[in-house]
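Okay, so here's the structure we're looking at.
Heavy-atom basis, side chains included; hydrogens, waters and symmetry copies ignored. No experiment lies behind these values; they were computed from the predicted model shown.
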Amino acid sequence: MLEPKLLHLPILEWYENNARELPWRTDDSTPWGVLVSEIMLQQTPVARVLPVWLEWMARWPAPKALAAEPPGEAVRHWGRLGYPRRALRLHACAKAIVAEHDGHVPSDHATLLALPGIGEYTAAAVASFAYGGRHAVLDTNVRRVFARAVRAEEYPPTATSAAERRLAEALLPELGAARWGVAVMELGALVCTARSPRCADCPIAGACAWRLAGKPPHAGPARKGQSYAGTDRQCRGRLLAVLRSAHGPVPKAALDAVWDEPIQRERALDGLITDGLAEHLDDGTYRLPHT
DNA sequence: TAACCGTGGCT
DNA sequence: TAGCCAAGGTT
């Protein structure tokens, strides 16, 4: 195994000099701000999250403020971040924090994990970044950095393995684990990127097993691409965009107008209602959820 | 476990 | 240009 200190110092020093200034990382950011940023950043780039996060923090500076709103307002102000079920879960999360934790974001990993929309990664991230807890933060960036630096592979496996978790925990420093986690993430986001890694700028290039092996390309089968055009997801997105931009119930015809294929359209609309992203009123109109 | 869940920028 | 990809979670 690679000696952890060969990685720690160079990466931490690199982070000192190259970290982006992000508002959820400042000294006055709150655990709630960190939590909201983590949910928004799930599968969504920083540049798109930034303006929405700022608006959310101004509008809902604490869980209690969001919990007082109907869930549809969370969905509306989610805008076009994508995966709007995250907005719904974040709203449910705020309500649970108010109901079960007196409005305070928990600091304990297991307690965080029990909240809606918070999985293994996000629980570790909040416990670590907001409270300084010592947890292995295994996101796609960290997994890629470790896959390359330690395992000499271009990409990590599809699903997080026990071996990856063991490695991440073995590399966790006794002190300063939170800073270490964010530093490795940042390295993956800015230098050790998925497609065109900037190895010339990498602080651990000299120790990177993948680079030393000649950067062998990913061996296994190509990862499944996510098709989008013509899918239910695209249809749901179109329908929900109509509900978001309207400031009241909309007639069925307004929804019919944005998607031609009727079978798929009805299926997608049913799905939105089942998921709690839309409501069907008695008069036949539709709107964002009020309850 | 693998499919499903949005959106848009980049190469 | 058309994939590829982005601080995942849920079922």
Path from A:Val126 to A:Trp56 over hydrophobic side-chain contacts below 4.5 Å: yes
Closest contact, heavy atoms only, A:Pro203 versus A:Leu187: CD-CD1, 3.6 Å
Shared hydrophobic cluster for A:Leu81 and A:Tyr83 (ILVMFWY, side-chain gaps under 4.5 Å): no
Side-chain H-bond candidate by donor/acceptor type, A:Trp210 with A:Glu153, under 3.5 Å: no
A:Arg236 vs A:Thr158, nearer the 5' end of DNA chain B by closest nucleotide: A:Thr158
Residue whose nearest DNA chain C nucleotide is more 5′ - A:Arg48 or A:Pro116: A:Arg48
Range on DNA chain C touched by chain A - first to last nucleotide, heavy-atom distance under 4.0 Å: C:dG3 to C:dT10
Sugar-phosphate only, base, or nothing, as touched by A:Ile118 at under 4.0 Å among non-hydrogen atoms: sugar-phosphate
Sugar-phosphate only, base, or nothing, as touched by A:Tyr155 at under 4.0 Å among non-hydrogen atoms: sugar-phosphate
Any donor-acceptor N or O pair under 3.5 Å, side chains A:Thr44, A:Arg86: yes
Test item: side-chain donor near acceptor, A:Gln264 and A:Asp232, under 3.5 Å: yes
Ring geometry between A:Tyr286 and A:His280 (parallel below 30°, tilted from 30 to 60°, perpendicular above 60°): parallel
Distance-only donor-acceptor test, A:Thr44 side-chain atoms vs B:dG6 base atoms, 3.5 Å: yes
Positive for side-chain contact (heavy atoms from CB on, under 4.5 Å) with A:Pro289, one of A:His91, A:Glu279, A:Glu73: A:Glu279
Nearest-angstrom distance, P atom, B:dG8 to C:dG9: 23 Å
Proximity of A:Trp60 and A:Trp32 rings by center, below 6.0 Å: no
Interface with DNA chain B, restricted to residues 89-96 of chain A and to heavy atoms under 4.0 Å: none
A:Arg86 CZ - B:dC4 P separation (whole Å): 19 Å
Ion pair check, A:Glu55 and A:Arg59, cut-off under 4.0 Å: yes
Near-ring test A:His8/A:Trp180, centroid separation under 6.0 angstrom: yes
Of A:Asp232 and A:Arg80, the one whose closest DNA chain B nucleotide lies more 5': A:Asp232
Residues, nucleotides or ligands: over 12 heavy atoms within 6.0 Å of A:Asp260 CG: no
Side-chain N or O of A:Arg85 closer than 4.0 Å to phosphate OP1/OP2 of B:dG6: no
B:dA3 and C:dA7, which share atom name P, separated by this distance in whole Å: 22 Å
Sugar-phosphate, base or nothing in reach of A:Gly82, heavy atoms under 4.0 Å: base
Sugar-phosphate only, base, or nothing, as touched by A:Gln234 at under 4.0 Å among non-hydrogen atoms: nothing
Nucleic acid contacts - residues 175-200 of chain A versus DNA chain B, non-hydrogen atoms under 4.0 Å: A:Arg195
Touch class at under 4.0 angstrom, heavy-atom based, for A:Arg144 against every strand present: sugar-phosphate
